[in-house]
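Structure, as structure tokens:
Everything quoted here is computed from the prediction, not taken from an experiment. Hydrogens, waters and symmetry mates are skipped; everything else that's a heavy atom, side chains included, is used. Throughout, numbering of the chain's residues begins at 1 and tracks the sequence.
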Amino acid sequence: MHTTHTASPDGVISGGQFVIVAANGDTIRGRYTASGDWVSDVQILGTASLSIEEGTGRFRLARGTIAAAFLETLDDPTWASAKVSWTLEGTVEY
């Protein structure tokens with residue numbers, strides 16, 4: 001899974017986009033909204049709602065919603081290479 005977003009100092013995440021790549025290279029793509037709370041000087045713990053918008057290969061017509069929890073570690077001063085651990089739960093219809 002690859003994600004991009006903008007995190008503000010108050011823990012609100014905007015502009016979230018994700019790509020999940022299956023073992024065979026097929027992808028699931030979409031957008032997400034999220035919010036979290038600072039749990040240390042460099043970590044945000046939060047929840048997100050991922051909305052599947054499209055895909056490739058067998059996921060070409062994919063739709064669905066995924067509930068997620070995450071822990072983001074902002075140990076890069078630019079926040080450009082933050083590490084995020086995701087836990088996903090949901091159903092993909094394809």
query = What pair of heavy atoms forms the shortest contact from Ala62 to Val92, and how long is it?
reply =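 Scanning both residues completely, I find the closest heavy atoms to be CB-CG1, 4.0 Å.
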
inquiry  = Testing the basics here: between Leu50 and Ala68, what is the closest heavy-atom pair and its distance to 0.1 Å?
reply    =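 Where Leu50 meets Ala68 most closely, the heavy atoms are CD1-CB, 3.6 Å.
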
request  = Might you confirm whether atom CZ of Arg58 has over 12 heavy atoms from other residues, nucleotides or ligands at distances under 6.0 Å?
outcome  =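 Atom CZ in Arg58 is packed in, count exceeds 12.
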
message = Check this for me: Asp41, atom CG, are more than 12 non-hydrogen atoms of other residues, nucleotides or ligands nearer than 6.0 Å?
response =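 Counting neighbours around CG of Asp41, 12 or fewer heavy atoms of other residues, nucleotides or ligands fall under 6.0 Å, so no.
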
Value rounded to 0.5 Å, distance of [atom1] in [X] from [atom2] in [Y]:
X	Y	atom1	atom2	result
Ile20	Ile66	CD1	CD1	4.5 Å
Trp38	Glu72	CH2	CD	8.0 Å
Ser40	Asp75	OG	CG	10.0 Å

task = With sequence neighbours left out, write down each residue that passes ring-ring contact (aromatic ring centres under 6.0 Å, His included) with Tyr32, or none if nothing qualifies.
result =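 Partners of Tyr32 by the ring-ring contact (aromatic ring centres under 6.0 Å, His included) criterion, ordered by chain and then number, come out as His5, Trp86.
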
Sole residue of Phe18, Phe59, Tyr94 in side-chain contact (heavy atoms from CB on, under 4.5 Å) with Ile52 =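 That would be Phe18; it is the only one of Phe18, Phe59, Tyr94 passing the side-chain contact (heavy atoms from CB on, under 4.5 Å) with Ile52.
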
ask   = Can you name the one residue among Val84, Leu74, Val39 that meets side-chain contact (heavy atoms from CB on, under 4.5 Å) with Ile44?
value =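 With Ile44 as partner, side-chain contact (heavy atoms from CB on, under 4.5 Å) holds for just one option, Leu74.
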
query = Quick one: salt bridge (charged side-chain N to carboxylate O under 4.0 Å, His left out) partners of Arg31, sequence neighbours excluded?
reply =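 Once residues adjacent in sequence are excluded, the partners of Arg31 under the salt bridge (charged side-chain N to carboxylate O under 4.0 Å, His left out) criterion are Glu53.
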
ask   = Linking I/L/V/M/F/W/Y whenever any side-chain heavy atoms sit under 4.5 Å apart, do Leu45 and Leu88 land together?
value =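 The answer is no; the residues belong to distinct hydrophobic clusters.
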
inquiry  = Just by distance, no angles: are the side chains of Ser49 and Thr33 close enough, under 3.5 Å, to form a donor-acceptor pair?
reply    =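 No pair is found: no donor N or O on one side chain lies under 3.5 Å from an acceptor on the other.
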
request  = Could you name each residue pair satisfying salt bridge (charged side-chain N to carboxylate O under 4.0 Å, His left out) that touches residues 84-94, not counting sequence neighbours?
outcome  =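 Sorted result for residues 84-94: empty, none.
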
